[in-house]
Amino acid sequence: MGVELLCWNWERERIGKEKYQRQSGRCPPPPRSNPASSFRPAPPCPCPTLFYSPFAPPLPRSARLHFALCSAHSHLFRPALRLRGTSRLLGSWTGFLALGSVRLFFGSAMWSGRQGRLRPVGCVVEELRCRRREREAALRKARREQQLISKRLLRDDVPVEAEGGCVAMILGEAEIQQFLQLAQRGTEEKERERALVSLRRGLQHPETQRTFIWLEGSMRTLVGLLTSNQALLQLEAARCLHELSHSEQSAVAEACLPATSYLLTYLSGHSSDFIELCLYTLGNLIVESEAVRRQLLPQGIVPALAACIQSPHLTVLEALGYALSQLLQAKEAPEMIIPSVLGSALPQHILRLLQPGPKLNLGVAVEFAWCLHYIICSQVNNALLISHGGLSILGMLLLDVAGAVQRTEDAGLELLACPVLRCLSNLLTEAAVEVMGGPNQLEDEHVVAALFILLQFFLQKQPSLLPEGLWLLNNLTANSPCFCTSLLSMDLIEPLLQLLPVSNVVSVLVLTVLCNVAEKGPAYCQRLWPGPLLPCLMGTLASSDTEVVGQSLELLQLLFLYRPEVSFGPGTPILRPLISPWPLSFPSYSHFSGPGKPVWTPGQNFQLLFGKALFEIEVG
Amino acid sequence: MQLSPALYSRLVGAPGAAEPLPVERDPAAGAPPFRFAARRVRFPRDHEFFEDGDVQRHLYLQDVLTQVTGTPERPRRAFPSVHLLDTHILEWHDSLFQILSERQDMYQCLVEGCAEKFKTSKDRKDHLVRRHLYPADFRFDKPKKSRGPATPGATVQVSSEARGDEGEQSGGDAMEVCSEHAAPLPEPVGERRTYSHRIPSTICFGQGASRGFKSTKKRKEHQ
């Protein structure tokens, strides 16, 4: 796992490099092959000195940290960094260098991997991982450009008949017309149904889809069959429509517009299978274009969904949640859609369906949790959701999910955990939370336990979700002495520190949470130090990431402020840190830092004397 | 990340929290160049922070779902809409409807959630097309016409006398809602209207004559 973690680590930094490339318009310079050659002479010191400059791509605004360390006191600084999967505690600077070497290895492999690929154990497995990472990188890019369109495809489980030919065959105009006529005028019901089945299979192919929509009268005929009095024909016609709705071509999906009023009408029908199909079809059409949504809204989709959500059928509910989530994430949703959704009975039903208990269905809960996330992050009227008990329901759901991750290996739970975390985190920022008694209902130690169980789960199954979990931890600890006390009394500082090596983003978040605890005063800092915190800070101060370094310094300053009697060991004189008179400014941090964006000016440097270690921080 | 066993048992233990430690902030804490301030953070919908989670959601949705249709006998009738069924029964089979419609607007909009009512079905149809962007030939709001030859794609309505014709060529109709009992408007030449007070057999009441999920009867959940 250590290998996988580091690979993921470098992937994040590679994306950061790409971002830099886009912003600066040029490629970052190639890495130095021998980091030792980049060391600068140490300031004068009578003791033998040890230098280390962590390998880092020389991006602007990076801080290279030079340690000038008296070897006589080297035993005082023992980074307690522990890589997951390694059994050896890196207990010395030699060990730290070893860590640096490990990073170096992967670093150079990364750079050379631009032409080749990383090859740890199992080439095939690694290749699959690489492809998955590339695919995810492409999807992330699509999301940044607001081009990420997700659609669901529902297929029946009937096996393909031998005489039916192959699936997804390309049909020409003549064949399509023939199937349509047979479906309309066939003498036997079975014959008519088979014709539609053949048409449906053809419509799985994009070329058949294009031919179909350009064929005059084809959609009209299909809608006629959809509204016929033959149930099996209706079902097959709806399946044809569903295939069309799933198309990646906008023109194909928009050609289904004439059917939308009927799809809505059938939502209050009797057959749950048919309703499910209609809902998935609607969901696919909704996400396709604003033209479709502009038609569906006046056609009454919100009241139709509000009525349909009372269905007892889980398959219908899951489909409805999907369709609603597509509607809620439309770009015009905050102005055009969410107000009417909030004005309907939908919010109460959504919260009802998210209440934990034996009847909670994972598929249904996932869809409605995402619906709630899209509503909440749009910030239209979150006070309404709070007044309906949203905060306590989500809190209980968090506990439920944490319990579930212990009981089952089901990897699908992170799909529910993610939106629940987002909803809670964003809701906690609402002023209404303070009015309604604050987040008191979330200050229970159950919530603390649940969140850390989920963090561990993410670390194992989906490390990319760690930042979201830590975001909630920040929002819970920021203004809550109770929550900060729970972190200390339940011995959760060390598990938190174990997340530091995951990535720079995670490091900044962990350090921010620790700052939330430390800033509350001496009583809290007394529980932070002595302990494993300081050695970990030595490691983060050596990071190549300016945000990590900056947040580390913030934490260090708070610790010194509230714990000035820091002891380095038996008999060691007490020293105070000195901040040099040189101007000191910090780079703009992530979203978790304070307001204002001071600029990191090249050429600036400062010194921080910490104990007997002199830190010289120079802007690269 | 190593969690103590006590943490897992805390999850299921009794609710509660330790007494919070006293808070004592020193004003020097936020003195320049240090500027940390504990604060809650919110992210809007399109923020890059949500990138990874959104990509995972997308990958989940891209999986193909399988619909298991397990009903041993599928109904051979149409799938009516409960709302339209109610409207139809009111307009066609309620003896008071005709009387009341002479005095007030009785034709309610077919869109669930819209409370508008109209004097005539034509007004209602105009409203459906204009306000709700319904197709002008919406099948569930057509005046009754005599049965004619089947034409592809045509939205021909059949009268209830044709209820037994399961092999109706044009696809037939699912249900009629509109009727022109009162305030007759100029009609196209040659049209004949037939009325029946019987419920058309094309209306399927389903097993048990339930009204879908509006019924208070317990329903078996699909798993």
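Just so we're clear, the structure is a prediction, and the values are computed from it rather than from any experiment. A, B, ... follow the sequence lines: proteins, then strands. Residue 1 opens every chain.
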Validation row, ring centre A:Trp370 to ring centre B:Tyr60 under 6.0 Å: no

B:Val23 versus chain A, the contacting section by heavy-atom distance below 4.5 Å: both

For B:Glu24 against A:Pro522, the heavy-atom pair lying closest together: O-CD, 3.4 Å

A:Tyr280 portion near chain B, given a 4.5 angstrom heavy-atom threshold: side chain

Check: B:Asp26 main-chain N/O paired with A:Tyr562 side-chain donor or acceptor under 3.5 Å: yes

Parallel, tilted or perpendicular: rings of A:Trp471 and B:Phe50 (30°, 60°): tilted

Which of B:Gly16, B:Pro44, B:Ala17, B:Gly113 touches chain A most, by non-hydrogen pairs under 4.5 Å: B:Gly16

Ion pair check, B:Arg42 and A:Glu430, cut-off under 4.0 Å: yes

Criterion side chain to side chain contact (heavy atoms under 4.5 Å, CB included) on A:Arg422 and B:Phe43, from CA distance to verdict: CA-CA 9 Å; A:Arg422 292 181 181 189; B:Phe43 288 119; over 6 Å; no

Part of A:Gln456 lying under 4.5 Å from any heavy atom of chain B: both

Note, B:Phe34 side chain near A:Leu555 side chain (heavy atom, < 4.5 Å): no

Residue pair B:Ala38 / A:Asn479: nearest heavy atoms and the distance that separates them: O-OD1, 3.9 Å

Close side-chain approach of A:Leu455 and B:Met1, heavy atoms under 4.5 Å: yes

Residue pair B:Gln62, A:Ser150: steps toward the side chain to side chain contact (heavy atoms under 4.5 Å, CB included) verdict: CA-CA 7 Å; B:Gln62 295 302 98; A:Ser150 317; 4.2 Å; yes

Side chain / backbone / both / neither for B:Ala14 at chain A, heavy atoms under 4.5 Å: backbone

Top contributor to chain B contacts, counting heavy-atom pairs under 4.5 Å, from A:Pro481, A:Ala333, A:Pro419, A:Cys515: A:Cys515

Closest contact, heavy atoms only, A:Leu415 versus B:Gln56: CD2-O, 3.9 Å

A:Arg143 versus chain B, the contacting section by heavy-atom distance below 4.5 Å: side chain

Under 4.5 Å from any heavy atom of chain B - which part of A:Ser218: neither

Smallest separation among heavy atoms of A:Tyr524 and B:Pro22, with atom names: CE1-O, 3.3 Å

Among the listed options B:Ser4, B:Ala6, B:Gly13, the residue most often paired with chain A at heavy-atom distances under 4.5 Å: B:Gly13

Distance in Å, B:Asp54 CG paired with A:Arg144 CZ, rounded so as to fall on 0.5 Å steps: 12.0 Å

B:Arg10, part contacting chain A, at a heavy-atom distance under 4.5 Å: both

Which portion of A:Gln379 sits near chain B, non-hydrogen atoms under 4.5 angstrom: side chain

Distance, nearest 0.5 Å, that separates SG of A:Cys377 from NE2 of B:His47: 11.5 Å

Distance in Å, B:Leu21 CG paired with A:Gln526 CD, rounded so as to fall on 0.5 Å steps: 9.0 Å

Student check: side-chain heavy atoms of A:Gln406 and B:Leu11 closer than 4.5 Å: yes

Choice from A:Gly521, A:Ala478, A:Ala304, A:Cys482 maximising heavy atom contacts with chain B below 4.5 Å: A:Ala478

Spacing of A:Gln329 atom CD and B:Asp46 atom CG [to the nearest 0.5 Å]: 9.5 Å

Region of A:Leu488 that comes under 4.5 Å of a non-hydrogen atom in chain B: side chain

Separation of B:Arg35 CZ from A:Gln557 CD (nearest 0.5 Å): 12.5 Å

Contact check, side chains of A:Met490 and B:Leu7, non-hydrogen atoms, under 4.5 Å: yes

Heavy-atom pair count under 4.5 Å with chain B, highest-scoring of A:Ala183, A:Gly217, A:Pro258, A:Pro334: A:Pro334

Heavy-atom pair of closest approach, residues B:Ala29 and A:Leu558: CB-CD2, 3.9 Å

Contacting moiety of A:Leu233, where chain B heavy atoms sit under 4.5 Å: neither

Interface moiety of A:Ile453 toward chain B, non-hydrogen atoms closer than 4.5 Å: both

Structural part of A:Leu139 lying under 4.5 Å from a heavy atom of chain B: both

Verdict with supporting geometry, B:Leu65 and A:Leu153, side chain to side chain contact (heavy atoms under 4.5 Å, CB included): CA-CA 6 Å; B:Leu65 290 177; A:Leu153 184 60; over 6 Å; no

Side chain to side chain contact (heavy atoms under 4.5 Å, CB included) between A:Thr227 and B:Phe138, intermediate numbers included: CA-CA 10 Å; A:Thr227 55; B:Phe138 187 61; over 6 Å; no

Most chain B-contacting option - heavy-atom pairs closer than 4.5 Å, from A:Ser378, A:Cys484, A:Pro298: A:Pro298

Validation row: B:Arg39, A:Asn474 side chains within 4.5 angstrom (heavy atoms): no

Expected output: side-chain B:Glu112 to main-chain A:Gly300 donor-acceptor under 3.5 Å: no

Approximate separation, where rounding is to 0.5 Å, of B:His132 NE2 and A:Leu296 CG: 13.0 Å

Exercise: do B:Arg40 and A:Ser425 side chains pair donor with acceptor under 3.5 Å: no

Between A:Glu519, A:Arg135, A:Arg294, the one whose heavy-atom pairs under 4.5 Å with chain B are most numerous: A:Glu519

Part of A:Gln181 within contact of chain B (heavy atom distance under 4.5 Å): neither

Residue, of B:Leu133, B:Val12, B:Asp63, that accumulates the most heavy atom pairs under 4.5 Å with chain A: B:Leu133

Closest heavy-atom pair and its distance - A:Tyr262, B:Pro135: OH-CG, 4.1 Å

